[in-house]
Amino acid sequence: MTYPNPDPNSDPDRRPNPDPEPESTTGLEPGGGVPPGETPPAESSMPGAGPRETHNPPTGWAKAPLTLIILLVVVIAAFFLIYAIVLIV
């Protein structure tokens, strides 16, 4: 059973405007501005999270892995250099 639409000109897919009417919104001045103290303060630029850290381990590569990588690169470069010399001779 279908019911007649009370407003034949209304569109069923049309949504109501989510913005409030300026006349009925509290806290607005006559020009549409907001008076001081009506909105929350902005986020501060200084982070205030947690206690001061006294132990900061160093960041970056540790000496042993970095030494092994450099050694591996030198061995591979020497291999290709010797291989090139053998091919030329």
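- Cluster membership for I70 and V75, using ILVMFWY side-chain heavy atoms within less than 4.5 angstrom, is not shared.
- The hydrophobic clustering, which links ILVMFWY residues whose side-chain heavy atoms are closer than 4.5 Å, places F80 and L72 together.
- Atom-to-atom distance recorded for L71:CG and I76:CD1 is 10.0 Å, nearest 0.5 angstrom.
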